[in-house]
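As structure tokens, the structure follows; a few thoughts come after it.
Letters A, B, ... mirror the listed sequences (proteins, then strands); counts begin at 1. None of the values given here were measured: they were computed from a predicted structure. Excluded from the calculations below are hydrogen atoms, water molecules and symmetry mates; all remaining heavy atoms, backbone and side chain alike, are included.
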Amino acid sequence: MQEKTPPRGRLRTEPSLAAPPGRRLFLRQLAGSAVLGAAAGAAADPLPVPDSAKQLGKPVASSPYGQPARFEANIIRRQSPGLTRTNESSIAFTPLQNLFGIITPNGLHFERDHAGLPDIDPVQHRLAVHGLVAQPKLFSMDDILRLPSVSRLHFIECGANSGMEWGNVAVPTVQFTHGMLSCAEYTGVLLSTVLDAVGVDLKRARYLLAEGADGASLTRTIPLSMALDDALLVYGQNGEMLRPENGYPLRLVVPGVQGVSSVKWLRRLEVGDAPWHTREETLHYSDLMPDGISRQFTWIQEAKSVITSPSAGMTLLDKGGYYEITGLAWSGRGRIKRVDVSTDGGRSWHTARLQEPVLSKALTRFRHDWVWDGTPALLQSRCVDDTGYVQPLLRQLREVRGTRSIYHNNAIQTWQVAADGGVHNVQL
Amino acid sequence: MCSSRLLALGLWLIAASASAAPAWEALGKPLAANEIASWDIDVRPDGVGLPPGHGSVEEGQVVYDTHCASCHGTFGESTDYLALAGGVGSLGTATPQRTVGSKLDYATTLWDYINRAMPFNRSKALSVNEVYAVTAYVLNLNDILPADAVLDERSLPQVEMPNRKGFTQAHGMMRADGKPDVRNTACMKDCLKTPPQVSSALPAGFTHQLYGELGPHFRQFMVAAPAAAAPTPAALAASNGCLACHAAQQTRVGPAFADVARRYAAVADAPAQLRQKVRAGGSGVWGSALMPPQTTVTDAALDQILGWILAGAAAP
């Protein structure tokens, strides 16, 4: 048998995968024997040549705006039954269990609307910027598209992501535990550029109010420090214009900050010297502590990770054998430095491989080789960001914040793999 | 030479600085004060932004019963959407109720939200006075204002909400460099004193009852989906272009399928012969029209189509 250079992935020295020399020899010996010969498929029916290989396909541009293969029809956003009272003020979750890499396809980006999905004509749309500025201005979309632009990869996570799980397990799959999370390449204008164009009064200005053009005219206070740092006025998402569900034609993206601050259908920015205490930063999106006091302006999304495969609701087809454990990690404070994976409920941990690129305030994909021995297992991931912060246990979060704060649950998630291959959402 | 280069560089720098004001700063149309006023609806806790106007609890009840009660309940008690009244003092208990009365720290927030976002299906439909009135009524439902109260732009910011001191900004999540409140360590080996125990899982049947079958939520190619209904031979004849030249009962460019069936009725290996003719194409058998070679139709589809033709090409 000719020894070729093994593919790159086989060069690693993890005992689970790379066969030691003795084992290679054993395999070579096996190769000459009838045992492996049979395993390699000595006599079987010939493989059928597929119809597709014998037919002329459809013409190009049969689908002028491409659609996923028809076999992917179940890869969709979903609402969680009973979570919201109306379908207009509601949430559709990203199917994280179905996705690869770090980019969320535009059609699957999670959708949170507060007064339904508006239908906005970009020709009519305007952005007003006023308040503590030298020259209040009205920008058309043409104006905004002419401004100096940037493209950045960032995650957007709703502050209430995983909020249903503070007290106990409540939902069956990662789509519902973690699917208020998406990541895209956003293109637009640095907010600081627009604030330059209106001459923001840096002596007095401390906050911005961002307001949407939807029926809720959703408003959030944005601190000027974030506005001048890396906040973006976004019109592009993954190479095309924003989808209506994600704020067409213009939205704010405040990187690392809970999603509600990234106001969609943005039509007004007011510069002021004090926060506004809007409904979405007092009645909601404030974190209730056990003593009855609410933490207000809990903007930052702290470091968090989750295994997306294997994950709850799946059934492992082979009872034992190789499975790649893969998932996502992110931090609103910066880059992911490391992700560790446990298959024994946190008794021991192994450092996972991080897929490049590893970007600040963006999703990072991790992978870990796992040879399942067929006995029950408890899968967990735990990330560390570049501030040194280690993703906490749910127990540690509860000790400080109780179970009624709704927002900012960034606990380590556990998936239980049962002996029959079923994977379940559990808490330890 | 060196100095002339420096001079050239200096001249370039002067030219660059002369045109330093980037053209993009000029983009955007200056806004007039009345234009701003038409959009600038936000209200701050200090009352900045409140327009002149007034409304009484009594007037507010009429507005409320007309526009609000169907969702929020006659007394603001309905939890179907969002309870407006009750729950004061409950936030520190095991069953906190987040209502206007129990959670808001400023009454201006209530005014601002009603004015911008309510009624849910017809936002911004209320007049300024109606917003003052219904704000007064909701505060009265919470026993914060007496029944004879009237609110205006001066009195609204003075309303003392029960949860006025219920918020804190003393936490680490306002800034990227804020101090986290929970500290875990990245232990790698022998991290648990006792074996891990599952403390919470979904009750049996819960998932199926609420979410239905979870199988479609996952992409598992090896699990076969139910096969789509197989197309009929007639449909295959259409989708493979046969009907461009043939019809079941009438002669067109090529012979009617019924005529083909009659001619081959007594031929033992009719399917094989016809398959070859279809694949190779030709002319002269039925007339001078040329039948082009048919290469794209699959063997399986062709066999089905020929079986149907030889059986008389009945309509499906």
Side-chain angles (χ1 to χ4, degrees), chain A residues 51 54-56 74 81 85 97-98 128 130 135-139 143 146-148 168-169 172-173 197 209 215-217 219 268 276-277 279 282-283 288 291-300 313-314 317 333 345-349 378 384 389-390 392-393 396-397 400 404 424 426-428, chain B residues 24-25 27-31 35-36 39-40 42 44-45 80-81 91-92 96 98 103-106 109 112-113 116-117 120 123 166-169 171 173-174 176 178 180-182 184-189 191-192 196-202 207 210-211 214 216-220 222 296 298:
Chain A
D51 288 349
K54 297 182 281 189
Q55 286 178 347
L56 186 59
N74 287 323
R85 303 293 183 199
Q97 71 275 18
N98 304 134
H130 66 100
Q135 176 59 68
K137 278 186 182 177
L138 193 66
F139 294 89
D143 292 332
R146 284 178 63 193
L147 287 167
N168 49 267
V169 171
T173 72
L209 185 75
S217 291
T219 38
R268 192 166 70 92
W276 276 262
H277 296 255
R279 187 242 202 189
T282 51
L283 192 59
L288 184 61
D291 62 359
I293 299 292
S294 298
R295 289 179 178 173
Q296 193 180 22
F297 303 133
T298 42
W299 286 310
I300 301 294
M314 292 181 178
L317 294 175
R333 298 197 198 275
R347 191 194 306 258
S348 61
W349 295 83
L378 294 164
V384 184
Y389 174 83
V390 182
L393 300 163
Q396 295 172 314
L397 283 170
V400 177
R404 322 241 169 236
H424 308 283
V426 298
Q427 291 176 359
L428 303 182
Chain B
W24 55 263
E25 284 189 348
L27 288 168
K29 178 182 92 70
L31 267 174
E35 288 180 300
I36 296 172
W39 276 13
D40 183 9
D42 57 84
R44 292 201 318 201
D80 276 354
Y81 294 90
L91 295 182
R98 296 162 170 89
K103 186 91 190 280
L104 287 185
D105 48 353
Y106 296 104
T109 304
D112 176 86
Y113 185 70
R116 70 175 55 250
F120 184 58
S123 63
F167 290 85
T168 178
Q169 295 173 21
H171 58 77
M173 292 162 81
M174 282 182 76
D181 57 353
V182 174
N184 193 12
T185 54
C187 169
M188 298 303 285
K189 277 171 66 178
C191 303
L192 301 179
Q197 295 290 325
V198 170
S199 65
S200 177
L202 291 175
T207 299
L210 242 72
Y211 293 81
L214 282 186
H217 293 223
F218 299 92
R219 188 190 286 113
Q220 290 184 346
M222 302 307 287
T296 60
T298 65

Interchain contact, [X] with chain A, by part (heavy-atom threshold 4.5 Å):
X: B:Leu214; result: side chain
X: B:Asp42; result: both
X: B:Leu202; result: both
X: B:Tyr81; result: both

Looking at every non-hydrogen atom in both residues, tell me the closest pair between [X] and [Y] and how far apart they are.
X: B:Leu31; Y: A:Ala128; value: CD1-CB, 3.8 Å
X: A:Asn74; Y: B:Pro216; value: CB-O, 3.1 Å
X: B:Trp39; Y: A:Arg268; value: O-NE, 3.4 Å
X: A:Pro136; Y: B:Ile36; value: CB-CD1, 3.7 Å
X: B:Tyr211; Y: A:Pro81; value: CE2-CD, 3.1 Å
X: B:Pro30; Y: A:Gln135; value: CB-NE2, 3.3 Å

Hey, which of [options] has the most heavy atom pairs under 4.5 Å with chain B?
options: A:Leu56, A:Val400, A:Leu283; result: A:Leu283
options: A:Gly345, A:Pro172, A:Pro392; result: A:Pro172
options: A:Arg279, A:Gln97, A:Met314; result: A:Arg279
options: A:Val384, A:Asn98, A:Asn168; result: A:Asn98
options: A:Leu378, A:Leu288, A:Asp291; result: A:Leu288

Report task. Under the side-chain hydrogen bond (donor to acceptor under 3.5 Å, both in side chains) rule, collect the residues that match up with A:Thr173, sequence neighbours excluded. Result ->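 Testing A:Thr173 for side-chain hydrogen bond (donor to acceptor under 3.5 Å, both in side chains), a comparison that skips the adjacent residues, returns none.
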Requested in this report: Under the side-chain hydrogen bond (donor to acceptor under 3.5 Å, both in side chains) rule, collect the residues that match up with A:Arg295, sequence neighbours excluded.
Outcome: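 A:Arg295: side-chain hydrogen bond (donor to acceptor under 3.5 Å, both in side chains) contacts with B:Asp181.
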Quick check on [X] against chain B: is it the side chain, the backbone, both or neither that has a heavy atom closer than 4.5 Å?
X: A:Leu393; answer: both
X: A:Phe297; answer: both
X: A:Arg347; answer: both

Query raised in the report: Less than 4.0 Å between a side-chain N and a carboxylate O, is that true for B:Lys29 and A:Asp143?
Result: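 Judged by the 4.0 Å cut-off on N to carboxylate O distance, A:Asp143 and B:Lys29 do not form a salt bridge.
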Quick one: [atom1] on [X] to [atom2] on [Y], what's the gap to the nearest 0.5 Å?
X: B:Asp112; Y: A:Thr219; atom1: CG; atom2: OG1; value: 5.5 Å
X: A:Ile293; Y: B:Thr168; atom1: CD1; atom2: OG1; value: 7.5 Å
X: A:Trp349; Y: B:Cys187; atom1: CH2; atom2: SG; value: 9.0 Å
X: A:Ser294; Y: B:Arg98; atom1: OG; atom2: CZ; value: 7.0 Å
X: B:Asp40; Y: A:Leu209; atom1: CG; atom2: CG; value: 9.0 Å

Close side-chain approach of [X] to [Y], heavy-atom, < 4.5 Å:
X: B:Tyr113; Y: A:Thr282; value: no
X: B:Val182; Y: A:Gln396; value: yes
X: A:Gln427; Y: B:Val198; value: no
X: A:Gln55; Y: B:Thr298; value: yes
X: B:Pro180; Y: A:Arg333; value: yes

Mind ranking [options] by heavy-atom pairs under 4.5 Å with chain A and telling me who comes out on top?
options: B:Thr207, B:Asp105, B:Leu192, B:Leu210; answer: B:Leu192
options: B:Lys189, B:Met174, B:Gln197; answer: B:Met174
options: B:Gly28, B:Gly92, B:Pro96; answer: B:Gly28
options: B:Ser199, B:Ala201, B:Ser123, B:Ala117; answer: B:Ser199

Query raised in the report: Is A:Lys137 reaching over with its side chain to a backbone N or O of B:Leu27, donor-acceptor style, under 3.5 angstrom?
Result: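 A pair under 3.5 Å: yes.
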Report task. Decide side-chain contact (heavy atoms from CB on, under 4.5 Å) for B:His171 and A:Thr298; before the verdict, give the C-alpha distance in whole Å, the side-chain angles of both, and the deciding distance to 0.1 Å. Result -> CA-CA 8 Å; B:His171 58 77; A:Thr298 42; 3.6 Å; yes
Report task. For side-chain contact (heavy atoms from CB on, under 4.5 Å), just list the numbers for B:Leu104 and A:His277, CA-CA rounded to whole Å, side-chain angles, deciding distance to a tenth of an Å, and then say yes or no. Result -> CA-CA 9 Å; B:Leu104 287 185; A:His277 296 255; over 6 Å; no
